[in-house]
Amino acid sequence: MSSIGFIPGKKIGSFHPPQRILMGPGPSDVPPRVLAAMSLPTIGYLDPIFVDMMDELKQLLRYAYQTDNALTFPASGPGSVGMEMAFVNMVEPGDKVIVCRNGVFGGRMIENVQRCGGEAIVIEDTWGTPVDPNKVEDAFRQHPDAKVLAFVHAETSTGCESDVKTLCAIAKKYGALNIVDAVTSLTGVPLMVDAWGVDAIYSGSQKCLSCTPGLSPVSFSDAVVERVKNRKQKSQSWFMDLDLVLGYWGTTNRTYHHTAPINSLFALHESLLMVREEGLEESWARHRRHHEAFKSGLEAMGLEFLVKAEHRLPQLNAIKVPEGVDEAAVRRTLLQEFNLEIGAGLGPLAGKIWRFGLMGYSAKSSNVMMCLSALGSVLMDMGYPVKVGQAEAAAHQKYADLHAAEAKRRLADAA
Ligand SMILES: *Cc1c(COP(=O)(O)O)cnc(C)c1O
């Protein structure tokens with residue numbers, strides 16, 4: 001009895017993770033302010049003080065998404081729960097859904113449609129290129145009865161951005177609703193839910209929001225609420241049924257649905273407050289600025305991006321592994337010697353790319369310079385022809401150029 005379940009001779013003590021620098025595809029570095037918020041005393045999920053905080057959370061989220069949607073709240077669960085929440089509510093058995101796949105996450109959307117009993121009309125685009133609006137238009141012409149269009153704004157598996165505004169407009173033209181995956185895009189690149197006509201959108205707390213993992217901010221338009229109300233049969237998911245969740249996250253008569261992840265919500269409140277304090281435009285500009293400097297450094301080392309410049313995500317840099325370099329050994333050494341985590345390629349890109357995240361709190365010059373220095377040192381060690389210092393010099397120069405341009409712009413504005 002006393003030792004059942006334990007490995008003999010192995011003592012278990014408190015767990016102390018090392019201090020890493022997170023420059024992979026998520027999670028990103030969590031700022032001390034957010035970690036501190038998370039460690040505050042737990043209170044009840046219907047405590048009036050907690051309920052007031054929930055209202056603030058909804059306002060902060062509406063700002064981040066640029067929407068007036070009443071139905072905007074953080075779903076309890078990772079980004080995958082937000083994804084599933086959209087599909088299980090909006091897709092009924094037999095519904096046709098046009099799904100765009102240009103990376104890993106579009107593939108998961110197909111799986112969701114099929115598990116809801118829907119019919120997925122799949123549009124394929126090469127990994128590393130954006131969703132092609134012409135193909136979407138063609139699919140709607142062939143399937144004018146399609147009820148939903150689903151696509152990923154920021155494909156984290158490739159570092160490629162698709163055109164949300166154009167794609168949503170096509171869906172609208174054919175009377176379909178849209179589902180947009182904004183897990184990696186929210187606050188990293190411009191995203192305007194109302195102005196661009198987005199119907200259903202979900203994100204994740206651990207990417208550009210730099211909160212702890214496990215929450216999925218979602219927002220649904222009135223048209224989605226209407227569609228859900230008029231379902232012929234109940235959604236197969238009890239946990240994610242919007243009607244039921246609304247009993248807790250709605251505006252009146254809050255009642256128990258499930259126990260909210262109280263302390264995680266404290267953390268999200270703090271990270272969204274940081275977005276509000278910085279301002280969305282500055283958040284987008286900061287991601288762009290550090291990406292530009294990072295890119296200058298990488299290119300000075302002779303490294304190349306997977307995605308064409310005009311479709312690149314500043315927060316997810318997919319870099320081709322040079323010929324003859326052991327990509328896994330590079331990642332392992334960066335983690336062991338430099339406490340630096342970067343991401344590997346997935347699916348057809350496994351072994352072919354590295355993924356460097358510059359998300360949220362990780363998007364800062366100290367990370368950019370440290371990563372260039374560490375990567376340069378590891379590559380040189382492995383015999384790749386790169387001079388340590390070249391990359392840092394190029395990044396410093398880019399920062400200086402960007403600062404000078406900014407100062408000039410300010411002067412012109414003031415004049
Ligand atoms: C990370 C990610 C998800 C899944 O989020 P989890 O929090 O890991 O469940 C979905 N879509 C995209 C584009 C992502 O980057």
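Everything numeric here is computed off the predicted structure, so don't read it as measured data. FYI, the numbering just counts along the sequence from 1. Both counts, for ligands and for their atoms, begin at 1 and track the order of listing.
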> With a cutoff of 4.0 Å, is Ala154 in contact with ligand 1, counting heavy atoms of the residue only?
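Contact present.
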> Would you say the ring centers of Tyr248 and Tyr256 fall short of 6.0 Å from each other?
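Here the rings of Tyr256 and Tyr248 have centres that are no less than 6.0 Å from each other.
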> Enumerate the atoms of ligand 1 whose separation from the nearest heavy atom of Thr184 is less than 4.0 angstrom.
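Listed by number with element: 15 (O).
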> Measuring centre to centre across the rings, with the benzene-like ring taken for any Trp, is His258 within less than 6.0 Å of Tyr45?
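Centroid separation for His258 and Tyr45: 6.0 Å or greater.
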> Is any N or O atom of Tyr202, backbone or side chain, closer than 3.5 Å to an N or O atom of ligand 1?
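Such a contact does not occur with ligand 1.
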> Kindly indicate whether a cation-pi arrangement holds for Lys172 with Tyr174, taking the cut-offs as under 6.0 Å to the six-membered ring centre and within 45° of the axis.
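Here Lys172 fails the 6.0 Å and 45° test against Tyr174.
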> For Pro78, take its heavy atoms, then give the atoms of ligand 1 lying under 4.0 Å from any of them.
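Heavy-atom distances to Pro78 below 4.0 Å select 6 (P), 7 (O), 9 (O).
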> Does Lys352 come within less than 4.0 Å of Glu327, counting only side-chain N to carboxylate O?
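Result for this pair is no, no salt bridge flagged.
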> Is it true that Arg312 and Glu161 make a salt bridge, defined as a side-chain N closer than 4.0 Å to a carboxylate O?
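Answer for the salt bridge query: no.
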> Would you kindly check if the NZ (Lys) or CZ (Arg) of Arg289 is within the cone defined by 45 degrees around the ring axis of Tyr399 and under 6.0 Å from the six-membered ring centre?
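No, a cation-pi geometry is absent between Arg289 and Tyr399.
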> Are any of the N or O atoms of Arg108 closer than 3.5 Å to those of ligand 1?
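Between Arg108 and ligand 1 (N or O atoms, distance only) the closest approach is not under 3.5 Å.
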> For Gly79, take its heavy atoms, then give the atoms of ligand 1 lying under 4.0 Å from any of them.
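Answer for ligand 1: 5 (O), 6 (P), 7 (O), 9 (O).
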> Quick one: nearest non-hydrogen protein atom to atom 11 (N) of ligand 1, plus distance?
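For atom 11 (N) of ligand 1, the nearest protein heavy atom is Asp181 OD2, 2.7 Å.
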> Tell me: protein heavy atom nearest atom 4 (C) of ligand 1, and distance?
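Ranking protein heavy atoms by distance from atom 4 (C) of ligand 1, first comes Ser80 OG, 3.8 Å.
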> Determine, using heavy atoms of Lys207 and all atoms of ligand 1, whether some pair is separated by less than 4.0 Å.
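A heavy atom of Lys207 does come that close to ligand 1.
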> Return the residue, atom name and 0.1 Å-rounded distance of the protein heavy atom closest to atom 3 (C) of ligand 1.
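It is Phe105 CE2, 3.4 Å.
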> How far apart are the closest heavy atoms of Ile353 and Ser157, and which atoms are they?
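The pair with the smallest heavy-atom distance is CD1-O, 3.8 Å.
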> Give the atom numbers and elements of ligand 1 that come within less than 4.0 Å of a heavy atom of Gln206.
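That gives atoms 6 (P), 7 (O), 8 (O) of ligand 1.
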> Mark up the atoms of ligand 1 that fall under 4.0 Å of a heavy atom belonging to Thr156, in ascending order.
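By the 4.0 Å cutoff, the relevant atoms are 12 (C), 13 (C), 14 (C), 15 (O).
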> If you draw the axis of the six-membered ring of Tyr63, does the NZ or CZ of Arg276 fall within 45° of it and under 6.0 Å from the ring centre?
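Verdict for Tyr63: a cation-pi partner in Arg276.
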